Amino acid sequence: MARQMTFIIGKIEYTASPVKVDRRKLYGWTKLMAVDDNGNPCELLTADESGKYLIPLGGTGIGILSPQGQWVERSELKTVDADGEPAPIFPSSYKTVNTLKTKITPQEFLDYSISDFYQLEDIPQEMLRAVGETIYSFECTYNDSYDPSPAFIMAAQGALFLLIGVKNFYESLCFGDCETIDEDHDDRLVEDGGDFLDFNIF
């Protein structure tokens, strides 16, 4: 049985079982394989910095060193904030009650790239009706974590879905004064014929 998460909408508590949807079943997948002249799969080897030695797959690893060059065990590491204080840890969303009260618009939702896609099963119909056409946002983490991810609850085709993603940040580029938007700029380009634009600059 899938693990259950608990949600609150308004003052009513609901439970649901998130079941991960295989993205390959939604979009398909491709596989790239390197083969030799006889069609046999090639094995990945890595050369050292000198180029004299070949290292087979699994022959390298990642280690953590202190500023003094001493080996550091991962269990010795501590997460701190910008002030050097211990960072707060967020409990797993499976261990706590997730309050759904923040609503976002479809336009705001499109500012995120979705990395994980779950269908909520074993849900009561009352929860489906409570969500309706609303997109709810909350912070979600699978295990106890210092860095929860933005998550969304929404309904589609009579089912509820949990989507987890990351927000995209776009940098706007402009010429001149970037603090104001000239709504008549495009109209003036049409009226002027755009003769002053030299497309060779692109």
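The structure presented is a predicted model; accordingly, all values stated were derived computationally and were not measured.
- Annotation: the span from Leu57 atom CG to Glu43 atom CD amounts to 8.5 Å, rounded to 0.5 Å.
- The six-membered or imidazole ring of Phe161 lies near that of Phe117, with a centre-to-centre distance under 6.0 Å.
- The closest side-chain heavy-atom distance from Tyr14 to Ile9 is below 4.5 Å.
- The distance from atom CG of Asp122 to atom OG1 of Thr15, rounded to the nearest 0.5 Å, is 8.0 Å.
- Minimum interatomic distance between Ala47 and Gly51 (heavy atoms only, all atoms of both residues): CB-CA, 4.4 Å.
- Rounded to the nearest 0.5 Å, atoms CG (Leu128) and CG (Leu160) are 5.0 Å apart.
- The OG1 atom of Thr60 sits 6.5 Å away from the CD1 atom of Ile55 when rounded to the nearest 0.5 Å.
- Applying the 6.0 Å contact sphere to CD of Glu76 captures more than 12 heavy atoms from other residues, nucleotides or ligands.
- In this structure, Asn98 contributes its side chain and Met5 its backbone to no donor-acceptor pair below 3.5 Å.
- Side-chain rings of Phe152 and Phe109 approach one another, their centers coming within less than 6.0 Å.
- With a 4.5 Å cut-off on side-chain heavy atoms, Ile64 and Leu77 count as touching.
- One N or O on the side chain of Asp36 and one on the backbone of Asn38 form a donor-acceptor pair closer than 3.5 Å.
- One distance of note links CG of Asp48 with OH of Tyr53; it measures 7.5 Å at 0.5 Å rounding.
- A heavy-atom distance below 4.5 Å is found between the side chains of Thr6 and Glu13.
- Under the 3.5 Å distance criterion, the side-chain polar atoms of Asp144 are matched with a main-chain donor or acceptor of Ser92.
- Under the 3.5 Å distance criterion, with hydrogens and angles disregarded, a donor-acceptor pair is assigned to the side chains of Asn168 and Ser113.
- Residues Val21 and Ile164 fall into different hydrophobic clusters, defined by Ile, Leu, Val, Met, Phe, Trp and Tyr side chains chained together at heavy-atom separations under 4.5 Å.
- In this structure, the side chain of Ser93 engages the main chain of Thr141 through a donor-acceptor pair within 3.5 Å.
- By the 4.5 Å heavy-atom criterion applied to side chains, Tyr136 and Met154 are not counted as neighbours.
- There is no path of hydrophobic side-chain contacts, each under 4.5 Å, that joins Leu100 to Tyr112.
- For the atom pair CD of Gln4 and CG of Leu120, the computed distance is 11.0 Å after rounding to the nearest 0.5 Å.
- Cluster membership check: Ile89 does not share its hydrophobic cluster with Phe138, using side-chain heavy-atom separations under 4.5 Å among Ile, Leu, Val, Met, Phe, Trp and Tyr.
- Closest non-hydrogen pair, Phe7 versus Ala16, comes out as CE1-CB, 4.2 Å.
- Other residues, nucleotides and ligands place more than 12 heavy atoms under 6.0 Å from the CZ atom of Arg129.
- In this structure the side chain of Ile153 reaches within 4.5 angstrom of the side chain of Val131, judged on heavy atoms.
- Under a 3.5 Å cut-off, the side chain of Asp83 and the backbone N or O of Glu85 do not form any donor-acceptor pair.
- Residues Leu163 and Leu110 share a hydrophobic cluster, clusters being chains of Ile/Leu/Val/Met/Phe/Trp/Tyr side chains in contact below 4.5 Å.
- Note on Ile123: it clusters hydrophobically with Leu162, by side-chain heavy-atom contacts below 4.5 Å among ILVMFWY residues.
- Proximity of Lys103 to Ile135: side-chain heavy atoms (C-beta onward) are nowhere separated by under 4.5 Å.
- Checked against ring pair (Phe, Tyr, Trp, His ring centres under 6.0 Å), Tyr142 has the following partners two or more places apart in sequence or in another chain: Tyr94.
- In terms of heavy-atom proximity, Leu65 sits nearest to Gly69 at CD2-O, 4.0 Å.
- Between Ser145 and Asn143, every side-chain heavy-atom pair lies at or beyond the 4.5 Å cut-off.
- In this structure the side chain of Cys140 never reaches within 4.5 angstrom of the side chain of Ser149, judged on heavy atoms.
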